[in-house]
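The first residue in the sequence is number 1, and the count goes up from there.
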Amino acid sequence: MREGERRRIFDVAHIVRRIPAGTGRHVIRWLLVAFALTLTGFDWSARPAQGTYPLVIAVLHCVAIVAVGVIPRIGSMSMMLVELACCFSQPVGGPSRLWGVCLSLGILSYAEGTVRAVVLGASIYALMQITQLTLFHGTGASGMNLPGSIFIISFMLTIALLGYTFRLISDKFRSRERMHEHTLRELEYEHQEQQLQIAARMHDFVADKLANIIMRTEMDSQPDSTAWHDIHDEARAALDELHAIIDVIRQSDTDTPVAGDAVNQQLAEICAVHDRALATMGLHGEGTVKDWGLTTAPQPDRIRLAAALIGELYTNIGRYADKEIPYQMSITLHDDHLEIVQTNGIATSQRTTVSGGRGLAIYAQRISHIQGILAYVPHEGEWSCYALVPLTDTTAAE
C-alpha cells in the first residue's frame, strides 16, 4: 500500500467525503452488504442474543458490515477486531458472524487486488477461527467443532479467491477501456495535427503574402490613390477572412529525416531576402545564422517550420518596428535544435496594438506540440522573441 493511501485510511474528512461518491459507484458492493445484513438478521431472529455482551458483539458486527461497504480496509479491520474480541469471550446466541467475515474478506481481496491480501486476510481469519475452536471447543457454540471450523475456513478462502478473481476480471475490462480511450485520444491528436498542418500552411503561403501586400500599400499609397486604397482594403479583408478560417482549424507537420548540410545556407538566404525587402521600407537590421554543429539530420518539416517562423517574424518587423532602431535576428544551429533570438523597437503608433497576432499564436502551438519553445513579449517600446525549435522528433526515439 502506498504511503499516501495509508495516511488517507485515517483521514476522517477524506472518509466522509467518499461516502456519497462510493455509494453511487459501487452498487454491487452495497447489494452484497444488504445481502449479508439480511442473512445476519435472519440468524439473529433465529438465535437471539443472550445477555449484553452478545448483543454488543452482534451490533458491532453489523456496524462493521456497513463499514466494509463504505471503506473496505477500515471495515475489514473493524471486523477483525470484533473476531479478536470473540477469541477471548465467545458470545452466546446472536447472529452468525460468518456472513460478515466472508463479505469482509471478499471485498478486501477485491479492493486490494493482490495475492498477498488474499493470503494475509484468509490467514488472519483462519488463525482466529482455530483459536476460537481451541478455546471454546465443546461449549456448544456454533461452529466450535473441527468439521464446522474446516468448512468455515474453506468457505472463507473460497470467498477471498472469488474476490481476487473478480478484481482480475475488472482490471482486464478497465485495461481495455483505457486502451480504447488512449486510441481515441491518439486519433483526436492526429486529427488536430492535420488541422494545424492545414492552418499553418495556409498562413505560411497565403497570409504572409497578404500581409506584405498590406504593408507595401501602407508604405507606398498616396492619399488620393483610390486604387491603392481599394487593394489595401481588399487585402485586409482577405487577411481577416483567412485568419478567421485559421482560428477554426488549428494543429501540425511531419516528415522523414534527411541530411541537413544546406540548412545554414538556406536560412541565411531567407534572412538576406527579407533584409533586402525591409531595407526598401526604410527598416535597418540584419539576420545572422551561426552553425555551432548539428548532431542529427534535421527533418524537412522542422526546417520548413523554422523558415516559416522566420518569415512571420520578419513580417511583424515590417508591420510594427521603429525605423529609428535597428532590428536584430540571430539564428543559431546546435546539437538537434535551432534557436532564434529576435528584437526590434516598436513604432510609437503601434505600441498599443502589437501583440504577436494569430500568426505567432499558431506557431507557438505548433512548436509546443514538438516540445519546443516560442516566447515573445512587447515591453517598454521593445519587442523580444525567443524560439527553440527541435529539428528532430525526439519523442519518437523515446
Without placing hydrogens or testing angles, list every side-chain donor-acceptor pair under 3.5 Å for residues 155-164, not counting sequence neighbours.
unit_1 : atom_1 : unit_2 : atom_2 : d
T158   : OG1    : S154   : O      : 2.8

Would you say the side chain of [Y] lies within less than 4.5 Å of the side chain of [X], judging by non-hydrogen atoms?
X    : Y    : value
L333 : K290 : no
C271 : T288 : no
E339 : H334 : yes
W292 : D335 : no
L338 : L294 : no
I346 : E382 : no
S330 : Q342 : no
V82  : S78  : no

Y327 and Y314 aromatic ring geometry - parallel, tilted or perpendicular at 30°/60° bounds: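 The arrangement is perpendicular - the two ring planes meet at more than 60°.
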Can you list the steps and then say if Y363 with L305 is a side chain to side chain contact (heavy atoms under 4.5 Å, CB included)? CA-CA 8 Å; Y363 283 109; L305 174 60; 3.8 Å; yes
Nearest 0.5 Å please: distance from the [atom1] atom of [X] over to the [atom2] atom of [Y].
X    : Y    : atom1 : atom2 : value
I331 : I270 : CD1   : CD1   : 8.0 Å
H337 : T332 : NE2   : OG1   : 13.0 Å
E312 : L374 : CD    : CG    : 10.0 Å
M77  : I71  : CE    : CD1   : 9.5 Å
L267 : Q265 : CG    : CD    : 10.5 Å
C86  : I57  : SG    : CD1   : 4.5 Å

Is a side-chain N or O of [X] found less than 3.5 angstrom from the main chain of [Y], in a donor-acceptor match?
X    : Y    : value
S170 : F166 : no
T38  : A34  : yes
R167 : A111 : yes
R29  : I107 : no
D275 : G287 : yes

Cluster overlap [X] with [Y], hydrophobic side-chain contacts below 4.5 Å:
X    : Y    : value
V273 : V263 : no
L388 : I340 : no
L98  : V66  : yes
L168 : V118 : yes
I169 : V115 : no

When you compare the side chains of S104 and Y125, does any donor N or O come within less than 3.5 Å of an acceptor on the partner?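 Short answer, yes.
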Could you tell me whether Q328 atom CD has more than 12 heavy atoms of other residues or ligands within 6.0 Å of it?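 No, the 6.0 Å shell around CD holds no more than 12 heavy atoms from other groups.
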For Y386, does the OH atom sit with more than 12 other heavy atoms under 6.0 Å from it, leaving out its own atoms?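 Enclosed: over 12 neighbouring heavy atoms sit under 6.0 Å from OH of Y386.
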Taking every non-hydrogen atom, the tightest pair across [X] and [Y]:
X    : Y    : result
V68  : G75  : CG2-C, 3.5 Å
D336 : T295 : N-OG1, 3.9 Å
C62  : T40  : SG-CG2, 4.0 Å
T392 : P298 : CG2-CA, 4.4 Å
A126 : I153 : CB-CG2, 4.0 Å
L103 : A36  : CD2-CB, 3.9 Å

Criterion side chain to side chain contact (heavy atoms under 4.5 Å, CB included) on L360 and L309, from CA distance to verdict: CA-CA 8 Å; L360 287 184; L309 173 60; 3.9 Å; yes
Lys/Arg-Asp/Glu bridge criterion (N-O < 4.0 Å) met for R73, E112: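 Judged by the 4.0 Å cut-off on N to carboxylate O distance, R73 and E112 do form a salt bridge.
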Stepwise side chain to side chain contact (heavy atoms under 4.5 Å, CB included) check, M281 with K323: CA-CA 9 Å; M281 301 168 60; K323 295 181 179 180; 5.7 Å; no
Starting from the C-alpha separation in whole Å, work towards a yes-or-no answer on side chain to side chain contact (heavy atoms under 4.5 Å, CB included) for Y110 and I28. CA-CA 12 Å; Y110 178 86; I28 295 179; over 6 Å; no
Examine Y320 together with W383 and report whether their ring centres are nearer than 6.0 Å.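 Aromatic pair excluded; centres sit 6.0 Å or further apart.
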Residues that Q266 engages under side-chain hydrogen bond (donor to acceptor under 3.5 Å, both in side chains), provided they are two or more places apart: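 So Q266 forms no side-chain hydrogen bond (donor to acceptor under 3.5 Å, both in side chains) with any residue.
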Residues which pass side-chain hydrogen bond (donor to acceptor under 3.5 Å, both in side chains) with S109, listed by chain and number, not counting sequence neighbours: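 With neighbours one apart ignored, the set is empty.
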